[in-house]
Amino acid sequence: MLQNNDVRVETMCRLYSKQKRRPWDGEFLDVLDTALNLALGPKRAAETPDLLCRNVIRDARRTIRRSQATARQNAACRPLPDAARRRVCTITADGVSAAEMITHDTPEARVIAAETLQELKVFAAKLGAHGPACLQGMLDMLTVADSAKQTGVSVATVERARRALREHAKTLISAAA
């Protein structure tokens, strides 16, 4: 049986190895960074490295989602100083109204966004029948599990499609810049 500190050290080693395997995925790196902080918490139960690793990653995702929702709610309370800015209000998956800002709303920015979205839709269609549904799940801010359930494919398939869509979006954005 591993001691409490040994379990934490083994968990942190596993998290660092996951970090080295996916250095290009910024979202996952944020999750791992938060998970490392959670693994160091003295009140967290540490029985086995497998359980602790799984639990801190799950809790890190939940923490990031909560902080993003709080940031959107706080942004909705602040006034907009510029008349060229406007707010877009959406309803999140849990039914809460969230306001997100679009800065410098110009016709050119709308055209660029529409063209980028159109190219992403074409690319998603090339991924297969599940591609457009996975893209829509990302746009609707659904979790991977919810998107998989809605699409009728496995979680791994949705993750692969989302990864391909993110990589394609990065190439589109870097080509436009």
Side-chain angles (χ1 to χ4, degrees), residues 1-76 90-96 98 100-101 120 123-124 126-175 177:
M1 176 89 177
L2 293 173
Q3 294 295 328
N4 195 10
N5 286 337
D6 295 336
V7 172
R8 290 184 197 288
V9 169
E10 177 63 26
T11 300
M12 292 176 70
C13 289
R14 290 181 187 190
L15 292 172
Y16 278 122
S17 69
K18 288 179 186 239
Q19 184 179 18
K20 288 178 184 174
R21 280 186 263 149
R22 289 172 66 176
W24 66 88
D25 191 354
E27 291 177 30
F28 190 66
L29 292 178
D30 289 341
V31 169
L32 288 179
D33 186 44
T34 306
L36 284 166
N37 289 336
L38 292 174
L40 291 172
K43 293 183 180 179
R44 182 165 296 273
E47 296 174 9
T48 66
D50 292 331
L51 288 175
L52 184 59
C53 189
R54 187 189 69 209
N55 288 345
V56 294
I57 289 175
R58 181 198 61 218
D59 291 346
R61 286 186 176 125
R62 189 179 308 137
T63 300
I64 289 171
R65 273 197 308 264
R66 264 196 331 260
S67 66
Q68 289 171 343
T70 302
R72 283 193 301 268
Q73 288 175 346
N74 291 340
T90 58
I91 305 296
T92 59
D94 57 356
V96 176
E100 298 190 24
M101 284 194 296
L120 282 173
F123 181 77
K126 291 178 184 176
L127 293 175
H130 63 280
C134 290
L135 175 62
Q136 190 59 46
M138 288 176 76
L139 295 173
D140 293 339
M141 294 190 303
L142 294 177
T143 63
V144 173
D146 291 341
S147 185
K149 189 183 304 179
Q150 187 177 25
T151 308
V153 296
S154 70
V155 171
T157 301
V158 172
E159 286 176 342
R160 280 192 304 271
R162 285 184 171 199
R163 184 173 34 245
L165 286 165
R166 278 193 294 272
E167 289 300 317
H168 188 68
K170 286 178 188 176
T171 61
L172 290 175
I173 290 170
S174 65

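Just so it is clear, the model here is predicted, and its values are computed rather than measured.
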- prompt: Do any pairs count as a side-chain hydrogen bond (donor to acceptor under 3.5 Å, both in side chains) and have a residue in residues 134-144, sequence neighbours left out, and if so which ones?
  reply: Q136-D140, T143-D146

- prompt: How many angstroms lie between CZ in R54 and CZ in R14, if you round to the nearest 0.5 Å?
  reply: 12.0 Å

query: Quick one: CG on L135 to NE2 on H130, what's the gap to the nearest 0.5 Å?
result: 11.5 Å

Under 3.5 Å donor-acceptor, R8 side chain and A39 backbone: yes

- request: Under the salt bridge (Lys or Arg N to Asp or Glu O under 4.0 Å) rule, collect the residues that match up with R62, sequence neighbours excluded.
  value: D59

field: Summary of side-chain hydrogen bond (donor to acceptor under 3.5 Å, both in side chains) pairs that have at least one residue in residues 155-165, sequence neighbours excluded
entry: S154-T157, T157-R160

message: Just verifying a value: how many Å separate T11 OG1 and L38 CG, rounded to the nearest 0.5 Å?
response: 12.0 Å

- request: Show your reasoning for whether side chain to side chain contact (heavy atoms under 4.5 Å, CB included) applies to E27 and I64.
  value: CA-CA 10 Å; E27 291 177 30; I64 289 171; over 6 Å; no

field: Within-4.5 Å side-chain heavy-atom neighbours: L36 and L40
entry: no

query: If you take all heavy atoms of A145 and V155, which pair is closest and at what distance?
result: CA-CG2, 4.4 Å

task: Taking side chain to side chain contact (heavy atoms under 4.5 Å, CB included) as the test, write out the residues that go with A164, two or more places apart.
output: F123, L127

Approximate separation, where rounding is to 0.5 Å, of T63 OG1 and R58 CZ: 10.0 Å

- prompt: Looking at residues at least two apart in the chain, or sitting in another chain, which of them share a side chain to side chain contact (heavy atoms under 4.5 Å, CB included) with K18?
  reply: R21, F28, L32, C53, I57

field: For the student: nearest non-hydrogen atoms of A35 and A60, plus distance
entry: N-CB, 3.6 Å

- prompt: Is any side-chain heavy atom of L52 closer than 4.5 Å to a side-chain heavy atom of E47?
  reply: no

query: Crowded around K149 NZ? As in, over 12 foreign heavy atoms under 6.0 Å?
result: no

field: Check: S147 side chain, V144 main-chain N or O, donor-acceptor pair, under 3.5 Å
entry: no

task: Report yes if the side chains of L120 and H168 come closer than 4.5 Å at any heavy-atom pair, otherwise no.
output: yes

- request: Using the side-chain hydrogen bond (donor to acceptor under 3.5 Å, both in side chains) rule, collect all pairs that involve residues 28-42, keeping only residues at least two apart or in two chains.
  value: none

